[in-house]
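Read through the structure below, which is laid out as structure tokens, and then see the notes.
In listed order, ligands and their atoms are each counted from 1.
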Amino acid sequence: LNLKNRYVVKTNTGTSALHIALRAANIGTGDEVITPSFNYVADHQAIKMTGADVVMCDIKDDNLGIDYEKAEKLITDKTKAIIPLHFAGIPCNQKEIFEMAEKYHLRVIEDAMHAFGTTIDNKKIGSYGDITCFSFDSIKTMTSIDGGCLILNSKEEFEQLEQMRLLGMHREE
Ligand SMILES: *Cc1c(COP(=O)(O)O)cnc(C)c1O
């Protein structure tokens, strides 16, 4: 497992992890973000907090994850990111989503709130990809009562988020 160049930013909730992940991806007013309609309210709230518009996409019956074929039809020139959700820890069609994102230059912010410990092709969710968000809320697989984190690849984005996550302060740990 190669965890080189994966950076962890800790947050107070999973919702804030999603919010600052979107901010790191430079998403704001005028942009569109695709997210599954079968969801918790946090994805919607995090997108709206950046000023961007929420684009709901239907899900697949077999894995309860976003229907990537329908998602492709929702892409416009305003689409900047997609938030696939691994509902109840069940892997969604991650590979197809990564391929689609590459084709259309979208950021992929994974909602892995239910998926701490989930593996896809023997690789743990969060150990690869673009940005992966976790929640440690009391009903999740691992809890700190309230808490969250996100994992990303870019040192630059990591340093930016270390400040953004708490009052613009950076604290060495
Ligand atoms: C729990 C959850 C979140 C965010 O959780 P917080 O309560 O803010 O930690 C986001 N998305 C989904 C699908 C969730 O279930």
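Around the CD atom of Glu156, the shell of radius 6.0 Å holds no more than 12 heavy atoms that belong to other residues, nucleotides or ligands.
Close contacts between ligand 1 and Thr13 involve ligand atoms 8 (O), 9 (O) [criterion: under 4.0 Å to a heavy atom]. Numbered from 1 in the order shown, with element, the atoms of ligand 1 that lie under 4.0 Å from a heavy atom of Ala42 read 3 (C), 4 (C), 10 (C).
In terms of protein heavy-atom proximity, atom 8 (O) of ligand 1 is closest to Thr15 OG1, 2.5 Å. Looking only at heavy atoms of the protein, atom 5 (O) of ligand 1 is closest to Ser135 OG, 3.4 Å. Counting only heavy atoms of the protein, atom 1 (C) of ligand 1 lies nearest to Lys140 NZ, 1.6 Å.
By the criterion of a heavy-atom distance under 4.0 Å, neither the backbone nor the side chain of Asp146 is placed next to ligand 1. Contacts between Ile139 and ligand 1 below 4.0 angstrom, taking non-hydrogen atoms only, are absent altogether. With a 4.0 Å cut-off on non-hydrogen atoms, Asp111 touches ligand 1 through its side chain and not its backbone.
In terms of N/O distances under 3.5 Å, ligand 1 is not approached by Phe136.
Residues Tyr40 and Gln45 have side chains that never bring a donor and an acceptor to within less than 3.5 angstrom of each other. Side chains of Asn63 and Asn93: a donor-acceptor N/O pair is present below 3.5 angstrom, by distance only. Judged by distance alone, the side chains of Glu159 and Tyr7 never bring a donor and an acceptor atom under 3.5 Å apart.
Tyr68 meets the ring pair (Phe, Tyr, Trp, His ring centres under 6.0 Å) test with no other residue; sequence neighbours excluded. With sequence neighbours left out, His44 forms a ring pair (Phe, Tyr, Trp, His ring centres under 6.0 Å) with no residue at all.
For the atom pair SG of Cys92 and CD1 of Ile66, the computed distance is 8.0 Å after rounding to the nearest 0.5 Å.
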